[in-house]
Amino acid sequence: MSSALTDLFPYPIVQAPMAGGVSVPQLAAAVCEAGGLGFLAAGYKTADGMYQEIKQLRGLTARPFGVNLFMPQPDSSDAAAVEVYAEQLAGEAAWYETELGDPDSGRDDGYEAKLAVLLDNPVAVASFHFGCPTPEVLTSLRRAGTVTAVTVTTADEALAVERAGAAVVVVQGVEAGGHQGTHRDNAELDGSGIGLLPLIAQVRDAVSLPIVAAGGIMRGAQIAAVLAAGAGAAQLGTAFLATPESGAPAVHKEALTNPLFVRTELTRAFSGRPARGLVNRFLREHGPYAPAAYPEVHHLTSPVRKAAAKAGDPQGMALWAGQGHRLARELPAGDLVATLAAELDAARGALAAGAAAGGSAG
């Protein structure tokens, strides 16, 4: 991994930027102070809202941190399909005593305005989801002193990122919770996504960029595994979602280890884009019919999801979680970083001891 990134934090542990109010400044600060790389999620915020969180985080820690942006999406959604889905969701809105949102509330998530803020007030790392910025944007950020990272889910996407001039690829396996960072939303929800370890190998063969590995990682031994596979650091989301500093609703945190929720599934039900969450009533009932229409479906379901969270009803919420969710630990974020680092050291020690024993036997 490029020293431009790894020199920023002592442990190869990155807190994933989880949009929707989870990656709050308090969480990012706790991770940074403990020796990991904390992240803010700019997704679904205004440019000023992002700037205010950056200022707040700088007041909590002097350590480097990152900010994640969503890439603008092409206008390729089927308006008729969105209208049909809205009709199917009318009962949900009535049940939670709210109204469906306006699907035409905006496509670019304030991308240009957020870039302007990051160029005027540079942060250590800027990462991007749902696509790759232009070479001009990446060059401007690099000149501002910012390390750039882009999420990829295939080797071809990694090649495009390398050609554009990003410094790092975040290699996201299909195990990951929340939205898959596919550059083009044309993937079927048939379980054909690539697992993290084989994807790391494919990306290593395709590009020379340093890798941050993401997808289902919950323990230090898993961090050791992805480092051995060629990654320079591991990115964890669900593991930090359960911490007290996380901004996730309590009902979401509790659901991670609740026996009622036995598995996760990729779905378009809540946002129109493939995202992994705990299987609940909403996902089961609406997932099979949700159109490939992001961010229209996100805007449409937003009031319902918020009303369900306010009512403490996990059956109507987007319970984003990776496949390792049952390994979640209710530790303070700083303690979790320290625990993961200790587990990583132990795993590395065991591997070294095994290698030494094998050499002696030979």
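Since we're looking at a predicted model, the values are computed, not measured.
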Do [X] and [Y] sit in the same hydrophobic cluster, where Ile, Leu, Val, Met, Phe, Trp and Tyr count as joined when their side-chain heavy atoms come under 4.5 Å apart?
X: Y294; Y: L89; result: no
X: L115; Y: V67; result: yes
X: L196; Y: V150; result: yes
X: L100; Y: Y289; result: no
X: V14; Y: M218; result: no

May I ask you to decide if [Y]'s main-chain N or O and [X]'s side chain share a donor-acceptor pair within less than 3.5 Å?
X: T139; Y: P135; result: yes
X: Q235; Y: V212; result: no
X: D78; Y: A81; result: yes
X: K253; Y: L241; result: no
X: Q56; Y: P25; result: no

Aromatic ring proximity F39/F65, centre distance under 6.0 Å: no
Is the count of non-hydrogen atoms from other residues, nucleotides or ligands lying under 6.0 Å from [X] atom [atom1] greater than 12?
X: Y11; atom1: OH; value: no
X: E83; atom1: CD; value: no
X: E330; atom1: CD; value: no

What heavy-atom pair brings [X] and [Y] nearest, and what distance separates the two atoms?
X: A242; Y: L256; answer: CB-CD1, 3.9 Å
X: V169; Y: L209; answer: CG1-CD1, 3.8 Å
X: I223; Y: P12; answer: CG2-O, 4.2 Å
X: A318; Y: H252; answer: O-CE1, 3.8 Å

Are any non-hydrogen side-chain atoms of [X] and [Y] less than 4.5 angstrom apart?
X: L236; Y: Q15; result: no
X: F240; Y: I13; result: yes
X: Q315; Y: L283; result: no
X: V168; Y: T148; result: no
X: P244; Y: Q26; result: no
X: P332; Y: E245; result: yes
X: T243; Y: L331; result: no
X: R268; Y: D185; result: yes

[Y]/[X] salt bridge by N-O under 4.0 Å criterion:
X: E97; Y: K310; value: no
X: R329; Y: D335; value: no
X: D109; Y: K45; value: no
X: E265; Y: R284; value: no

With a 3.5 Å cut-off and no angle check, do the side chains of [X] and [Y] form a donor-acceptor pair?
X: H325; Y: T238; answer: no
X: H298; Y: R305; answer: yes
X: H179; Y: S271; answer: yes
X: R326; Y: T257; answer: no
X: T153; Y: Q180; answer: no

Stepwise salt bridge (charged side-chain N to carboxylate O under 4.0 Å, His left out) test for E296 and R273: CA-CA 10 Å; E296 288 88 350; R273 236 183 183 271; over 6 Å; no
In this structure, which one of Y44, F128, Y111 forms a ring-ring contact (aromatic ring centres under 6.0 Å, His included) with F70? Y44
